[in-house]
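Convention: sequence-line order gives letters A, B, ...; per-chain numbering from 1.
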There are 2 protein chains.
Amino acid sequence: MRLVIARCSVDYIGRLRAHLPLAVRLLMVKADGSVLIHSDGGSYKPLNWMSPPATLRVAEPGEDDAEAGIIETWTVQSAKTDDKLVISIHERFSETSHDLGVDPGLIKDGVEADLQRLLAEQITKLGEGYTLIRREYMTAIGPVDILARDAAGATVAVELKRRGDIDGVEQLTRYLELLNRDPLLAPVKGVFAAQQIKPQARVLAHDRGIECLTLDYDAMRGVDDSASRLF
Amino acid sequence: MRLVIARCSVDYIGRLRAHLPLAVRLLMVKADGSVLIHSDGGSYKPLNWMSPPATLRVAEPGEDDAEAGIIETWTVQSAKTDDKLVISIHERFSETSHDLGVDPGLIKDGVEADLQRLLAEQITKLGEGYTLIRREYMTAIGPVDILARDAAGATVAVELKRRGDIDGVEQLTRYLELLNRDPLLAPVKGVFAAQQIKPQARVLAHDRGIECLTLDYDAMRGVDDSASRLF
DNA sequence: CACTATATTTCGTGC
DNA sequence: GCACGAAGTATAGTG
């Protein structure tokens, strides 16, 4: 990994066009040829970048460029698309290089899969007397997150999201339409369960007779004793 | 901005839990207290991070930690949420610090907003005699990108995308359903306009009586004389 | 290899 | 400030 602190301007031409005026920034060149341009603010997203695989070509400035104060021009070309990043360096303040090796990668816990496991284990969160039929119930158009049976014996399809918005309601609607064609299952009720449900999604769900359920992950996690196994 | 190359392990506890095993990485500490942890690969997204505003607290290791080889512990605490990042440093290879100042920021051209402006200006791309009613026509379920009137005086709702896929057709369908309930507007025709329209989206649109229109951004940009002002 | 669904999404914009 | 939609979305899982 190569780290350069430099006063530079940047132009990107590819899926769109973008320009960064002259300023001091960090240029990070990774081993796979990708380049990240970071300022001293914002979030984790760089101001501009080139995704790997890419190749970096360094050129001396032409006469006009030198006149404009450019001491070096970097051209970062994507290997797969015709996206291009042109970095015009006006002043270099620092340059370091380090061998980091391959990273072992991130271990996560608490994503949708964990929510699904917890709700399957605590299926009565849906209501008194509910029983689990199965998780990831396969249909022709994809898997239904959870299929259950209510106290009266009716089938219930659950769509699970960390954040519930309209797309999730549309998805559940498609499943319900399909499941209700199966005489062995019909009539199938729908439940839209998420940690947070957006107002518009709630309105749409209600309009389609779908029940909304807000889940408290921490509370459900507290009930589950396997939470401490990971670390 | 502070740049540290170190052998470290990282634990994140917040909206989810995540763990990074011991390895050599770049730690980037920004002026707003945010921290980014980068490996020498992947894309522009860091392995782990803390969003601003945040505060970094550095602590000497306790007896057990020192025994485990830790020379320093960083605790990055989010100021707004209770997200926390704990970085255990085992070996430091490099440390530099630079004053970058405030960045002037990125100038973009070619995103959906530009397409929308161009199509509104060149509304007859939709057809002979079309007139613009307004852009971003607000409804209860969100804004319709462009509302126009055709030569016969009928209302036309346009959904605009850079890349047209099924989601966009679903979105337009919802708008049309709503708009057609309004007797002042009904009947409302739908037009799905994008730089590229996927075959599946085209089929779905046709099935619902929605017209598809492929836009040539460069050509539309060429007509507009304000395109040259940006750079 | 293509499609699909998720994301500690982040980022801008309108209300 | 909140909610919603776009992103050069990126990324991981599955058929």
Side-chain angles (χ1 to χ4, degrees), chain A residues 12-18 34 42-52 54 76 78 80-85 105-106 108-116 136 138 140-143 145 159-168 170-171 194-203 217, chain B residues 10-18 34-37 42-52 54 76 78 80-85 105-106 108-116 135-145 159-163 165-168 171 175 194-195 198-200:
Chain A
Y12 164 75
I13 299 174
R15 277 164 283 191
L16 56 71
R17 292 147 189 259
S34 60
S43 69
Y44 69 68
K45 199 173 178 180
L47 291 164
N48 217 327
W49 71 93
M50 182 56 67
S51 307
V76 191
S78 168
K80 289 194 168 179
T81 67
D82 51 4
D83 290 14
K84 193 165 70 167
L85 204 60
L106 190 67
K108 282 189 190 183
D109 169 45
V111 288
E112 191 194 295
D114 299 292
L115 259 182
Q116 187 188 112
E136 299 286 345
M138 278 307 303
I141 56 170
D145 288 339
E159 177 63 36
L160 204 63
K161 294 284 176 205
R162 236 174 43 80
R163 284 162 53 178
D165 64 22
I166 284 183
D167 281 0
E170 296 281 14
Q171 199 178 335
Q195 286 182 272
Q196 264 194 327
I197 299 179
K198 290 189 180 181
Q200 290 194 349
R202 200 177 285 274
V203 169
Y217 178 67
Chain B
V10 183
D11 284 283
Y12 165 74
I13 299 173
R15 278 161 285 188
L16 55 70
R17 287 148 189 263
S34 60
V35 176
L36 282 64
I37 299 153
S43 68
Y44 67 66
K45 199 174 177 178
L47 292 164
N48 214 327
W49 71 93
M50 180 56 66
S51 306
V76 190
S78 168
K80 289 195 165 176
T81 68
D82 51 7
D83 291 14
K84 192 164 70 169
L85 203 60
L106 189 67
K108 281 189 192 181
D109 171 43
V111 290
E112 193 190 293
D114 298 295
L115 263 180
Q116 189 187 110
R135 289 166 57 186
E136 300 285 346
Y137 179 87
M138 279 307 303
T139 72
I141 57 171
V144 178
D145 287 339
E159 177 62 35
L160 204 63
K161 293 284 176 208
R162 237 168 41 78
R163 286 158 52 177
D165 62 312
I166 284 184
D167 281 1
Q171 200 177 336
Y175 289 142
Q195 285 182 271
K198 289 193 178 178
Q200 289 188 347

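Nucleotides D:dA7 and C:dA7, compared at atom C1', are 13 Å apart to the nearest Å.
Relative to the side chain of A:K198, the nucleotides C:dA5, D:dC4, D:dG5 differ in distance, and D:dC4 lies closest. The side chain of A:E112 approaches C:dA7 more closely than any other nucleotide in the set C:dA7, D:dG8, D:dA6. The listed nucleotides are C:dC11, C:dT6, D:dG5; the one nearest the side chain of A:Q171 is C:dT6. Comparing C:dA5, C:dT10, D:dG8 against the side chain of B:W49 picks out C:dT10 as the nearest. Closest to the side chain of B:Y44, from the set D:dA10, D:dG8, C:dC15, is D:dA10.
Heavy-atom minimum distance, B:V10 versus B:L85: CG1-CD1, 3.9 Å. The nearest pair of heavy atoms linking A:G42 to B:S34 is O-OG, 4.3 Å. Residues B:A194 and B:R163 come closest through the heavy atom pair CB-C, 4.4 Å. B:L47 and A:L106 get closest at one heavy-atom pair: O-CD2, 3.6 Å.
B:Q171 pairs by the side chain to side chain contact (heavy atoms under 4.5 Å, CB included) definition with B:E159, B:K161, B:R174, B:Y175, not counting sequence neighbours.
The residue among A:R163 and B:R163 whose nearest nucleotide of DNA chain D lies closer to the 5′ end is A:R163. Where A:I166 and A:L85 meet DNA chain D, the nucleotide closest to each residue was compared, and A:I166 sits on the side nearer the 5' end. Each of A:G42 and A:K161 was assigned the nucleotide of DNA chain C with the nearest heavy atom; the assignment lying further toward the 5' end belongs to A:K161.
Computed from coordinates, the A:K45 NZ to D:dG8 C1' distance equals 8 Å when rounded to whole Å. Between the C1' atom of D:dC4 and the CD atom of B:E159 lies a distance of 13 Å, rounded to the nearest Å. The NZ atom of B:K108 sits 10 Å away from the P atom of C:dT13 (whole-angstrom rounding). Counting to the nearest Å, the P atom of C:dA7 and the CD atom of A:Q116 are 12 Å from each other. One interatomic measurement links the two molecules: CG of B:D114 to P of D:dG8, which rounds to 11 Å at whole-angstrom precision. In this structure, B:L47 atom CG and D:dA10 atom C1' are separated by 14 Å, rounded to whole Å. In this structure, B:D83 atom CG and C:dA7 atom C1' are separated by 14 Å, rounded to whole Å. The CG atom of B:D145 sits 17 Å away from the P atom of D:dC4 (whole-angstrom rounding).
For D:dG5, one of the phosphate oxygens OP1 or OP2 lies less than 4.0 angstrom from a side-chain nitrogen or oxygen of A:Q200. Neither OP1 nor OP2 of D:dG8 sits under 4.0 Å from any side-chain N or O of A:T81. The side chain of A:S51 contributes no N or O atom lying less than 4.0 Å from OP1 or OP2 of D:dG8.
Within the 4.0 angstrom heavy-atom criterion, only backbone atoms of the sugar-phosphate kind lie near B:M138; the bases stay farther away.
Separation of atoms CG (A:D83) and CZ (A:R15) is listed at 5.0 Å; rounding is to 0.5 Å.
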